[in-house]
Amino acid sequence: MKFDWLSYLEVAETLYNEVISTSNQANSASINEAKIRACISRAYYSAFCLTRNYLRDFEGYDNLKTLKYSVHEYVITELKSYTKNRDFGKLGEILERLRLLRCEVDYEDYIAANTLISKAKQAIKDAKKVIDLLNKFTSGKKP
């Protein structure tokens, strides 16, 4: 069965909502931070994988079927340098912002706790923007 990358965004939203709900106060700060970090990471991967698959399946980027190294950078660079459609550039900018945020939460030991909730909220919002743009691009198209 083919994985539905939108599911990662649902996981991100679930984790975010668990942390911000008042009934979640029993969790330790460390568990809540882990959930928010995972939320941001899943939001990015949902947006990235959907975009990668769009380029592969609709735009003829067959090399994405086998490209294993630097694929994130490749996809973002291709989108940002595409001059025929401004929305592709916008898509690249959003993915780049999400990727930087994902790298921060996946690799940095210390992140100001008071910034994580707003970063997670923005990551979810950005992932939804990516999905909206992809839906616009695929409207009426079949792979």
Side-chain angles (χ1 to χ4, degrees), residues 1-24 27 29-143:
M1 182 171 100
K2 184 178 175 182
F3 183 69
D4 180 3
W5 295 104
L6 278 173
S7 298
Y8 269 178
L9 183 55
E10 291 178 35
V11 169
E13 290 177 310
T14 298
L15 292 168
Y16 177 81
N17 289 328
E18 284 178 10
V19 172
I20 65 166
S21 74
T22 55
S23 64
N24 192 43
N27 279 345
S30 181
I31 293 297
N32 282 338
E33 181 174 344
K35 286 181 177 183
I36 286 298
R37 286 173 177 252
C39 161
I40 292 167
S41 184
R42 295 307 89 189
Y44 167 72
Y45 276 107
S46 177
F48 171 76
C49 290
L50 288 166
T51 302
R52 178 202 60 200
N53 291 358
Y54 167 78
L55 290 174
R56 182 191 67 209
D57 299 343
F58 288 90
E59 296 295 331
Y61 283 79
D62 290 334
N63 59 327
L64 289 172
K65 292 177 183 175
T66 56
L67 186 63
K68 300 294 181 206
Y69 302 101
S70 303
V71 65
H72 298 262
E73 184 178 336
Y74 174 79
V75 166
I76 291 167
T77 301
E78 284 296 307
L79 289 167
K80 288 177 67 179
S81 64
Y82 193 86
T83 57
K84 295 178 187 173
N85 185 333
R86 287 185 339 162
D87 283 340
F88 272 44
K90 186 188 301 183
L91 187 58
E93 290 170 12
I94 296 168
L95 273 180
E96 183 174 52
R97 184 170 58 237
L98 274 169
R99 183 178 185 217
L100 291 171
L101 189 53
R102 196 270 308 166
C103 287
E104 178 185 13
V105 301
D106 281 353
Y107 300 115
E108 294 298 324
D109 291 329
Y110 302 101
I111 301 173
N114 62 332
T115 66
L116 278 171
I117 297 288
S118 62
K119 288 179 180 188
K121 186 175 184 178
Q122 186 62 48
I124 291 169
K125 184 177 176 183
D126 281 348
K128 288 180 177 181
K129 284 181 194 173
V130 166
I131 291 162
D132 287 345
L133 284 169
L134 293 173
N135 285 337
K136 177 180 167 184
F137 299 155
T138 58
S139 179
K141 291 184 181 179
K142 292 187 179 187

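Computed from a predicted model, the values in this text were never measured in an experiment.
- Taking the ring centroids of Tyr54 and Phe137, they lie under the 6.0 Å cut-off.
- The residues Lys129 and Asp126 are annotated as salt-bridged, a charged nitrogen and a carboxylate oxygen being separated by less than 4.0 angstrom.
- Annotation for Arg56 and Asp62: closest pair O-OD1, 4.3 Å, computed over non-hydrogen atoms.
- Of the inter-residue distances, the one linking Tyr16 atom OH with Ile40 atom CD1 reads 10.0 Å to the nearest 0.5 angstrom.
- The shortest distance between side-chain heavy atoms of Tyr61 and Val75 does not fall below 4.5 Å.
- A donor-acceptor pair under 3.5 Å is absent between the side-chain atoms of Ser139 and the main chain of Lys136, judged by distance alone.
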Subject >> Steps toward side chain to side chain contact (heavy atoms under 4.5 Å, CB included) verdict (Ile76, Glu73) >> reply: CA-CA 5 Å; Ile76 291 167; Glu73 184 178 336; over 6 Å; no
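- The shortest non-hydrogen separation linking Ala123 to Leu101 is CB-CD2, 4.1 Å.
- Side-chain atoms of Asn53 and Leu134, non-hydrogen and from C-beta on, never get closer than 4.5 Å to each other.
- Summarising the geometry of Leu95 relative to Leu79, their closest heavy-atom pair is CD1-CD1, 3.8 Å, with the distance given to 0.1 Å.
- Between Phe88 and Leu133, the closest side-chain pair of non-hydrogen atoms is not below 4.5 Å.
- Here the shortest heavy-atom pairing between Leu15 and Cys39 reads CD1-N, 3.8 Å.
- Open room surrounds OH on Tyr69; 12 or fewer heavy atoms of other groups in view lie less than 6.0 Å from it.
- The residues Glu33 and Arg37 are annotated as salt-bridged, a charged nitrogen and a carboxylate oxygen being separated by less than 4.0 angstrom.
- Looking at Phe48 and Arg99, their side chains never come closer than 4.5 Å, going by heavy atoms from C-beta outward.
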**OP:** Report the C-alpha distance between Asn17 and Glu13 in whole Å, list the side-chain angles of each, state the deciding distance to 0.1 Å, and finish with yes or no for side-chain hydrogen bond (donor to acceptor under 3.5 Å, both in side chains).
**Re:** CA-CA 6 Å; Asn17 289 328; Glu13 290 177 310; over 6 Å; no
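- For the atom pair CZ of Arg52 and CG of Leu67, the computed distance is 10.0 Å after rounding to the nearest 0.5 Å.
- His72 places a side-chain heavy atom less than 4.5 Å from the side chain of Tyr45.
- Between the side chain of Ser81 and the backbone N or O of Glu78, at least one donor-acceptor pair lies under 3.5 Å.
- Contact detail for Ile111 and Glu108: the closest heavy-atom pair is CG1-CB, 4.1 Å.
- With rounding to the nearest 0.5 Å, the separation of CD1 in Ile20 from CG in Asn32 is 11.0 Å.
- You'll find the side chain of Tyr44 stays beyond 4.5 Å of the side chain of Arg97, heavy atoms only.
- Residues Ala12 and Arg42 share a closest heavy-atom pair of CB-CB, 4.2 Å.
- Inter-residue side-chain proximity for Leu50 and Leu9 is flagged as unmet; no heavy-atom pair is nearer than 4.5 Å.
- The 12-atom threshold is exceeded at NZ of Lys119, counting heavy atoms of other residues, nucleotides or ligands nearer than 6.0 Å.
- With rounding to the nearest 0.5 angstrom, the OG atom of Ser46 is 11.0 Å from the NZ atom of Lys128.
- In this structure, Ser21 contributes its side chain and Glu18 its backbone to a donor-acceptor pair below 3.5 Å.
- Under the 4.5 Å side-chain criterion, counting only non-hydrogen atoms from C-beta, Val105 is not in contact with Ile36.
- Expressed to the nearest 0.5 Å, how far CD1 of Ile131 lies from OG1 of Thr138 amounts to 11.0 Å.
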